[in-house]
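Since the structure comes first, as structure tokens, the remarks are kept for the end.
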Amino acid sequence: MSSNEVRKIIIEIFNSKEILKDIESCQDFFEVGASSLTVVDLQIQIEKALNKEVETSKLMANPTIDSWVNVYAER
Amino acid sequence: MEKNSKTNELQVHRLFERQAALHPNATALQYIDQKITYTQLNGHANHLARQLLKRGCKQGDTIAILMDRTPQMFITILAILKAGCAYLPLDSTNPLQRNLHHINEANVSIVVTDNDSLGLEQHEVRIISTHESSLFSSIDKDNLAENGTMDDKCYIMYTSGSTGNPKGVVVPHRSVVRLVIDTNYIQIKSSDVILQLAPLSFDASTFEIWGALLNAGTLVLYSGKSLDPNLFAREVKDNNVTILWLTAALFHMIASRYLDSLSTVNTLLAGGDVLYPKIINNVFDVYPNITIINGYGPTENTTFTCCHKMDIYNRPAHTVPIGTAISGTRIHILDESRNPVAPGKEGELFVSGLGVALGYVDQTKNDRFFYDRSIGDGLIYATGDRVSENAQGEIEFLGRIDNLVKVRGYRVCLEEIQNSILKLDNINEAVVILNKFETGDQQLVAFLQTKKDREITSGEVKKMLAEVLPKYMIPDLVHVNRELPICKNGKIDKRQTSIVAMMDTE
């Protein structure tokens, strides 16, 4: 899957969260008020959609849409 | 050990020793690929208990534990009890200042830790490092002579307090035994496997640890440092976990997004906050044989006070009640003058019985513990929860009488956060609310006003709060110098917080 396709799916899932609706792709989720449980919830949804597993700690350390796209698009 | 001693007269570690004698080769602990039998765990704990006594710990002391979740942690817990002492779990994610508060207030004599860079060195408390090679061995493997009573303190756990300071709850052996032995809400068998997922400083760990170890079951130690859903699912499945406790928020998330991870579970306990019937019914649709228990209770009445058992034949309708009192506990619904309310009417929940803690470490805060023979025998605890009894005789949770909320299973007093913000420099006013979204997400939001001509960023506020508050109490969102959402009557104005979909300030 191309990184653009990954980005599209990730943004769609982020848009389902009230707190994260209009987040910029380089903005830290935690700064706009997401809790760690919300972030894990997003992880599960994204991994189901992409059928790919990533370590949670990797995602928590890079809490922006841009870095998640990189992590999930990586082969 | 005397042959005739009844189960309900044996202290926690004595019951464990009895299981170790009856099931010597059963697996007590499972950690990644490591299995530890009851004999091994008991032998190591006996050895360490003698080492603790040699190093100056005395019966009746409180010993703090600051360790990662490895088999050594459970050897240490048992050793502390065997030495006649009580354990006080500290949390390594807590700021040093908070851990120091607990150490000082509870008069901790020794801190056992696997962390050599704690920053406690300058303080007047003895530190024992688990890296000392003489501690973990089974050379002195025989049980120690017994001498304690059921009313001795077993552990101390800190919770957020309504006065704005954390409160240390002192729980005796009898309360722990009443939670997991001969009880009415669950029957834990030696074939059961329980996941140890809760932080030790959270009292769900009482159920997990002693539920397994006092019933000859297996305790599986979750090996992650924080919640990783893939690791969680693997460890539940690979170890055939049969009994699982999840906080309400985590339960809702796992049950709605990750149901496949529960395939081996036969009893799922969830609680700490309101449960959604729809999500519970979804679980029954996929797992018709599972039992789901809504477990309710304050730390002051030892993990569970009431439980409501649900299965495919007893599905929840509009609400999930907190159910009925567990064995050894009596509940009383009282009005403001502490008289029983009429059936079905709302009142405050009071509890009595074997689960009631001995009180707080700081006895000046004990006003919610009291004696009143007209209500019940022994110490009574006023929970501060508003409840009513429904037509089926089950208790329904309605809310709080004060400003206490549940954040990811933890009890959080919003005033404690507010007071911590007000103690920072240059802050004039602060309000903290908990937002709850329909998706199940929660968010702690702080609104604050700085003193005239002073500035502070939300990042700075979070950073400074992280030096005094545990992680789960740091606001997710900080609004600086936005109008405080307060009406003239002093109540929080829900209309002004239009950023939220649904709000719950209780």
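Below, chain A is the first sequence line, B the second, and so on; all start at residue 1. Since we're looking at a predicted model, the values are computed, not measured.
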Flag if over 12 foreign heavy atoms under 6.0 Å of [atom1], [X]:
X        : atom1 : answer
A:Glu5   : CD    : yes
B:Lys471 : NZ    : no
A:Asn51  : CG    : no
A:Lys48  : NZ    : yes

So, taking the atom named [atom1] in [X] and the one named [atom2] in [Y], what distance separates them when rounded to the nearest 0.5 Å?
X        : Y        : atom1 : atom2 : result
B:Leu477 : A:Ile19  : CG    : CD1   : 8.5 Å
B:Asp476 : A:Glu31  : CG    : CD    : 12.5 Å
A:Thr56  : B:Lys225 : OG1   : NZ    : 14.5 Å
A:Ser36  : B:Leu227 : OG    : CG    : 8.0 Å

Quick one: does A:Glu18's side chain get under 4.5 Å of B:Gln443's, heavy atoms only?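 No, their side chains stay 4.5 Å or more apart.
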
I'd like to check A:Gln43 versus B:Pro229 (side-chain heavy atoms, cut-off strictly below 4.5 Å). Are they in contact?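 Yes, close enough: below the 4.5 Å cut-off.
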
Taking all heavy atoms of B:Met253 and all of A:Leu37, pick out the closest pair and write down the distance.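 Closest approach of B:Met253 to A:Leu37, heavy atoms only: SD-O, 3.6 Å.
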
Do you know which two heavy atoms are closest between A:Lys17 and B:Arg257, and how far apart they sit?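 In terms of heavy atoms, the two residues are closest at NZ-NH2, 4.2 Å.
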
Does a donor on one side chain sit under 3.5 Å from an acceptor on the other, for B:Asn230 and A:Glu55?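 Per modelled atom types, B:Asn230 and A:Glu55 side chains form no pair under 3.5 Å.
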
Residue list, side chain to side chain donor-acceptor pair (under 3.5 Å) with B:Asn239, at least two apart or on another chain: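 B:Asn239 satisfies side chain to side chain donor-acceptor pair (under 3.5 Å) with no other residue.
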
Which atoms of B:Leu250 are under 4.5 Å from chain A, going by heavy atoms: the side chain, the backbone, both sets, or neither?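 Both parts, heavy atoms under 4.5 Å.
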
Would you mind checking which part of A:Glu47 comes under 4.5 Å of any heavy atom in chain B, side chain (CB onward), backbone (N, CA, C, O), both or neither?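 Answer is side chain: those atoms of A:Glu47 sit under 4.5 Å from chain B.
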
